[in-house]
Each structure stands twice: as structure tokens, then as C-alpha cells.
Protein chains: 2
Amino acid sequence: MLTEERHQLIRNQLAADGKVLAGELASRFGVSEDTVRRDLRELAKAGQLRRVYGGAVASAPFAAATLSQRSGHAVEEKTRLAKAAVGLLVAGQSLFIDGGTTNEAIARAIPRDIELTVATNSLGVASALTDRPLVKLIVLGGRYVPDLGTCVGADTLAAVAQLGADLFFLGSCGLDVARGVTAFDSAEAEVKRAMAKNSGGIVIAVTNDKLATAAPYRVAGAEAIRHLVVEKTAPPATLADFQSQGAQIHFA
Amino acid sequence: MLTEERHQLIRNQLAADGKVLAGELASRFGVSEDTVRRDLRELAKAGQLRRVYGGAVASAPFAAATLSQRSGHAVEEKTRLAKAAVGLLVAGQSLFIDGGTTNEAIARAIPRDIELTVATNSLGVASALTDRPLVKLIVLGGRYVPDLGTCVGADTLAAVAQLGADLFFLGSCGLDVARGVTAFDSAEAEVKRAMAKNSGGIVIAVTNDKLATAAPYRVAGAEAIRHLVVEKTAPPATLADFQSQGAQIHFA
DNA sequence: GCATGTTTTGCCTGTTCATGCAAGAAACAG
DNA sequence: CTGTTTCTTGCATGAACAGGCAAAACATGC
């Protein structure tokens, strides 16, 4: 039984069942569970599955990848950031909200009694807002990317181009004073740029681990940030840099 | 039974029924109620449901109150219809799927190992398909209507106009041989008409209570229906009428 | 053939995680 | 108000886990 052979069989079962159990695979392949765990670890590293306790599941289930995988990490922090971020909202405003777990937390934190117009390309944000009776929700369609949880592409850009918003809640992947706001994906960055262009101000809420990091694709310069929502424990020196670029700092 | 698996099943039942009971889940999963409560707590923390005494309810019912009321109605029937309807699918096909609880059930019933391209204006359908790795998902954006759970309007129509599909799964509000397929909402009907125009064939899955009823807005004539999926208990006379108009009948 | 280095695998060790149980708190019903 | 159900918290146990180590299988060079 070749290693590669096992990998293929694991992929097959994942495609069919959506999940695999480490112990079951071990007995089926006639190898130790350690070997199976190693296989799963490698496949997970290659992004072909998502490792869970006891086995693995198919990667990027919407609510699972966007919310469990990443958000298992710092749920409380993001919830706190979200609460502080919605404090910036004024009734009657129109917003762009793009993807990311922090933005989903913000969407959930939006109170039920505030009237808003929200345009989003994130299914997570959209679904969080479906039960807000006073929120007029505009879904920005396009090609859906499971890894991002958002729609991107020409259709999305065209939809954004027809809209304008007072604020843009930008889900940031990297945030650095010198390099500005950056994203990991080209198409994603494109949509963010379009939203930034058509909005009156950018709001970014980030956990500490995003501060002073950068991703390949540039979205906007640091001077474009109007409001920056950060944790109380964020390094003051970094914050001072952003402040000198015109950003208003808000602590969660 | 993986923890993640239970979470997924809970999410599924919430999407289908709008609520879950802790005790019922415990016996169904074969675990203690404490474990289920822990699951529910975690999912609630991630914003995927709202915890209530005795169980949990959907936090953001894609289908608002009106829709979730209906969805509790005939869950088993709709699941059976959905299973029969997905039997019509062929790998590589492209589909339009619009809104409605039956269509959401169909989306959930789509197997994980079939390659498809799906364009939908329903957030419920879209979110059901986000964890299908082989499904290329195109979200048709626009103004979101909570009562329908779908996007409608000029933006949606424009997006539909740029696409074509082999089949159109039409969520029907009324179905009558003389009046054809009808909808309750003008904007909704408009989108359905556009999808019908750009698709190679219409598939309709309906419970008995929709048969031989009509709503104000006309979507398509009875002769436009290629496949009609119905319950075994559907009145044969009505079915014969549709059959004479060229529809192929499939029993769930 | 022999020696050497690499890869794969299984086993061991300490650690982490999921689970069920028990006890007290809170919510509900009558 | 009282009893019951449900919930949270803490804790103990066993399963699953990562990392280190050594043996076996394999390839490579002399």
C-alpha cells in the first residue's frame, strides 16, 4: 500500500461521504493510526481536507471553514471588536461589508432596531442580516469562492460599481503602516478596492495578530483608513503610526 | 460520530426545521444531553444558531417567519421530493435554482460527488451548496427580500441574462394546467421568467397542496414544464393533464 | 557487495481534547 | 411558592493527538 495510494483513497471517501475516521481508515488500510494521522496531517497542510478530532472532514464547509476553523481561534476578541465597531453606526447609513470572520461578527452585532442599507458579497454577512427587519440588504453576486466565503469576479465588481456607501467595513488580511491594507487573493483585493473607491470611509476591525502584517495584494494605503477598531492590548506604537496617518482609533 | 459531524447535522436540521431539541438530538446521536448542550453552546458562540431553553432555533432564518412556518409543515414530503428531483441531475450540468423551501431541500439533497454549476438567487440554496467542493456556485445578487429568501430586482435580472443553464429548478407557488406556473410576487415572477427563458428545461417539484392552485403572477405555461416531481399520492387526473402538456412525471 | 543516507512506518511518552457524571444554579410550569 | 426540567460548571477518564526515536524498506554512491 503506497502512501500516495492511501491519500487518493482518503480523498475519494471525503468526496463521497464528506468525512473520514482515523481509526476506520487505519483498519481498512492495514496500517497504524499514526500513519493515518500523518496522512491526514499532510493532506490538511495541502488544503485538501480539514482536520478534526477523530478524523477529517471535507474542506471549506461554509459555516465550518469560515466560522469554526478560523473563528475557533479568537471568538471572544472578535465579538468584542464587533460590538465596538457597530458603535460607529448611525441610523440611515449605507454600508459595504465584505468577507471575513470579523465582519461576520460585526454583522451579527448590528442591533435589530437600527435602519441601515447594507451591501455585501459575503454569504455569512448576508445570512446574519436576513433577520434584521430594518436592514435593507443588497447581495453582491458573482462567482462564489468557498475559501473566502465571498463572491468575487466581474459580476461582483459590476454590482459594486453601481453602488455607493457611507462606510466600508473592510475585512483585512494584513495591516501594516507602510504597505497599507493587503489581501491574500487577487480577485478578493479587486473587490475590496472597488468598495473602497465607492465608499465615504473605511472601517477596519482587527485582532492583534493582523497588526503589522502584510499579504501580497495591496488594497489601500494606511492613510485611507478612517476608523481602526483594535483590542485594548494592541501595541501602542503601531497604533500611533496609523493615527498619524489620519486613522481614528477605537478600543474594543 | 465526529463532533464536527454532529455540528453539521444540527446545522442541517436547523436549516430544514428551524429548531432543534436537545433531548431529541442526544438520543438521535447516541450521546449524552450534556454533549449536545455543549455542541449547541459552541454553535451559538459562533453565531450559527440561537440558544433557547430546551434546544435551539435558527439564528438567521433565511426564510423569515412566513417561510419557516411553512417549512415546518411538510419536511418529510419535501425531503422525499428532493431526493427524487436530484435523480434527474447529470454530472457536468448547469442549473438555475430559485427560492422556496422545496428548492432548499433539493440543494441539500445534491450529492457531494457530482460536478455541477449552479446559479441561484436564494441565500438558503447558496448556503446549502457552499460545502459541495465540486459545485461551482454562482450567486445572483440583488435586493434581498426577507419574505422570499431570494434576491430580486434589476441587478438579479441582469445577472440571469448573462447566464444559461441546462435545467431550471423552479420553486413554484401555484401550479395549474390552465394558468401554468404562477407566483405571489411580481418581482419574483420576473426573475423566474428570466431563468426560464435562459434554461433548457424547467423542473418543478411540488407537494400536493400546490397542485391545481394559482397565484396572481404568471411565470410560464404548463407546456414549459419538462419534469414534474410529485408525491405518490398526487391526484392522477391532474398529473395526466400536465403529462398531456409534455411534462414528464416523476414520483417521489 | 557494502556503506551511507533517506523515507516510511510503528511504537512510546507526555499532552490535549471530548465526553459523561455530579452538584449547584437558573428557568420553567403548575 | 414548589417541584421539575434544563442549564452551567468542575472534574475524572479514556480516546486522540504531536513529537521523538528506532527499525525496516528503499535508494544512492563507492
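Chain A is the first sequence line, chain B the second, and so forth, proteins listed ahead of strands; every chain is numbered from 1.
- Atom CD in E4(A) sits roughly 11 Å away from atom P in dT9(C) (whole-Å rounding).
- We find that CZ of F29(B) is positioned 15 Å from C1' of dA18(C), with the value rounded to whole Å.
- For Y53(B), counting side-chain heavy atoms from C-beta on, the closest listed nucleotide (dA18(C), dT8(D), dC7(D)) is dC7(D).
- Across dT9(C), dG20(C), dA18(C), the shortest atom-to-atom separation from the side chain of T3(B) is found for dA18(C).
- At whole-Å resolution of the value, NE2 in H7(A) and P in dT7(C) are 15 Å apart.
- One finds the OG atom of S32(A) at 8.0 Å from the CZ atom of R37(A) (value rounded to the nearest 0.5 Å).
- For the atom pair I225(A) CD1 and F168(A) CZ, the distance stands at 11.0 Å (nearest 0.5 Å).
- Put simply, R41(A) has no side-chain N or O that comes within less than 4.0 Å of OP1 or OP2 on dC17(D).
- Using a 4.0 Å heavy-atom distance criterion, V52(A) is classed as a sugar-phosphate-only contact.
- For the pair T102(A) (side chain) and V206(A) (backbone), a donor-acceptor distance under 3.5 Å is absent.
- Judged by distance alone, with hydrogens and angles left aside, R38(A) brings a side-chain donor or acceptor within reach of the base of dG10(C), the pair sitting under 3.5 Å.
- Of the residues N103(A), T150(A), T120(A), N121(A), the one that meets the side chain to side chain donor-acceptor pair (under 3.5 Å) test with D98(A) is N103(A).
- Remark: C1' of dA24(D) and CG of D34(A) are 16 Å apart, rounded to the nearest angstrom.
- Of the candidate nucleotides dT9(C), dG20(C), dT8(D), dT8(D) has the atom lying nearest to any side-chain atom of R37(B).
- Aromatic ring orientation, H227(A) versus H250(A): tilted (interplanar angle from 30° to 60°).
- Remark: C1' of dA16(D) and CE of M1(B) are 18 Å apart, rounded to the nearest angstrom.
- For L25(B) and dG20(C), the CG to P distance is 13 Å, given to the nearest whole Å.
- Here the P atom of nucleotide dT9(D) and the CD atom of E42(B) are 13 Å apart, to the nearest Å.
- At the phosphate of dT19(C), OP1 or OP2 sits under 4.0 Å from a side-chain N or O atom of R6(B).
- Rounded to an integer number of Å, the gap from R51(A) CZ to dA18(C) P is 12 Å.
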